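Take a look at the structure set out below.
Please read these numbers as outputs of a predicted model, since none were measured by experiment.
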Amino acid sequence: MILNYDFTYLAILLSDPEEAAPCRRRCVSSPVRLRAYQPATAALELAADESVILAYWQLRDGVEDHGLWKGLGYRVSAAALRGGYRKAAAARPGFDGRVREQLAALSRLEGECCPSMDQAADTFAAAGVEDPVRRRVLEQMLYHLGRWVYLIDAADDLQKDVKSGSYNPLVYRFHAEGGTLTAEDRAALAATLDSSVRAMAAAFELADFGPWRAIIESVVYEGLYAVGAAVLNGTFRKGRRRKQRKAGA
């Protein structure tokens, strides 16, 4: 129920070039109809564990950031996830520790109203695998993808964060207290976002991603640029794809 595209993409990046073909099975969320089902792999297990750990601590962070009533939903959700979190944390204690450290670091930056985009984004950079060459490739891709996601989310949430008083590094970096960026500031932000995409592309070309290559290539060379441009132009809508699917588009 906490599945998201970020960790699906992580599983794809960490997968071996040779993957078992998907089959069709029933699952907990779809017990009646058969669904395409990818047999368990080390990459899927790691991505699943890490997604549970991060979701749990994000919920706990939500509890800390909200009062009794506003934080009630966070408390209930965190309690429901606690068993899965304990199991995942026992399997990935190193990642669990790093998440705690990075969220604490982000909290300090928020308290300081830090204007540095990189310091805030760097708290969410990620890591790799055993093979040294592939590990270096993935470290670069995941670092710059994490940086890109953090900064584009900051741009997309700028007006909402200004209105609510929530921390957003763009407010202090570009003095966007009114919730909007000037044309010059948008160009500067676009340039730093594009530099991360180019670094991802350079790393991507150094590794074999097997059957996943086309998906990753599409994201790196088309998807990130398209989403980034839409967010900075004010035309991005998070619910658009969902509405299209419901309409049969």
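- Here the side chains of Thr192 and Arg147 are in contact, with some heavy-atom distance below 4.5 Å.
- To the nearest 0.5 Å, atom CG of residue Leu189 and atom CZ of residue Arg173 are 9.0 Å apart.
- Cluster membership check: Leu44 does not share its hydrophobic cluster with Leu138, using side-chain heavy-atom separations under 4.5 Å among Ile, Leu, Val, Met, Phe, Trp and Tyr.
- Without hydrogens or angle criteria, Ser218 side chain to Ala214 main chain gives no donor-acceptor distance under 3.5 Å.
- Within the 4.5 Å cutoff, no side-chain heavy atoms of Leu193 are placed close to those of Ser196.
- Contact record, Tyr85 with Ile53: CD1-CA, 4.1 Å, taken as the closest heavy-atom pair.
- Test Asp185, Asp161, Leu158 against Leu170 for side-chain contact (heavy atoms from CB on, under 4.5 Å) and you get one pass: Leu158.
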- Task: List the steps and the verdict of salt bridge (charged side-chain N to carboxylate O under 4.0 Å, His left out) for Glu205 and Arg213.
- Result: CA-CA 10 Å; Glu205 295 296 345; Arg213 179 178 176 84; 3.2 Å; yes
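- Minimum interatomic distance between Leu34 and Arg24 (heavy atoms only, all atoms of both residues): O-NH2, 3.0 Å.
- Leu59 places a side-chain heavy atom less than 4.5 Å from the side chain of Leu81.
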- Item | Derivation of the side-chain contact (heavy atoms from CB on, under 4.5 Å) call for Val133 and Leu206 | CA-CA 9 Å; Val133 175; Leu206 298 177; 5.9 Å; no
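- With rounding to the nearest 0.5 angstrom, the CZ atom of Phe174 is 9.5 Å from the CD atom of Glu184.
- No donor-acceptor pair closer than 3.5 Å links the side chain of Arg82 to the backbone N or O of Ser77.
- Side-chain contact between Ile215 and Phe209: absent, with no pair of heavy atoms (C-beta onward) separated by less than 4.5 Å.
- To the nearest 0.5 Å, atoms CG (Leu181) and CD (Gln159) are separated by 9.5 Å.
- Interatomic distance, OH of Tyr9 versus CG of Leu142, reported as 9.0 Å (0.5 Å rounding).
- Nearest approach of Leu10 to Glu50, heavy atoms of both residues: CD2-OE1, 3.5 Å.
- Across every non-hydrogen atom of Pro31 and Arg26, the tightest pair is O-CD, 2.8 Å.
- Residue Thr8 holds its OG1 atom at 12.0 Å from CD of Gln38, rounded to the nearest 0.5 Å.
- Using a 4.5 Å heavy-atom threshold, the side chains of Glu139 and Arg136 count as touching.
- Relative ring orientation between Tyr172 and Tyr167 is described as parallel, the plane-to-plane angle staying below 30° on a 0-90° scale split at 30° and 60°.
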- Arg92/Leu46 under side-chain contact (heavy atoms from CB on, under 4.5 Å): CA gap, chis, key distance, verdict: CA-CA 8 Å; Arg92 318 284 175 182; Leu46 185 148; 3.9 Å; yes
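- At a threshold of 4.5 Å between side-chain heavy atoms, the hydrophobic network of Ile, Leu, Val, Met, Phe, Trp and Tyr places Ile152 and Val162 in one connected group.
- Phe204 contributes atom CZ, which lies 9.5 Å from atom CG of Leu13 (distance to the nearest 0.5 angstrom).
- In this structure, Asn168 and Val171 have side chains that are in contact, with non-hydrogen atoms separated by less than 4.5 Å.
- Closest approach of Met141 and Met200 over heavy atoms only: O-CG, 3.8 Å.
- You'll find the side chain of Phe95 stays beyond 4.5 Å of the side chain of Asp49, heavy atoms only.
- Cluster annotation: Tyr37 is not connected to Phe7 through the hydrophobic network of ILVMFWY side chains, with a link wherever side-chain heavy atoms come within less than 4.5 Å.
- In the model, Tyr74 has no side-chain atom that pairs as donor or acceptor with a side-chain atom of Asp61 under 3.5 Å.
- Residues Arg134 and Ala207 approach most closely at NH1-CB, 4.3 Å, considering heavy atoms.
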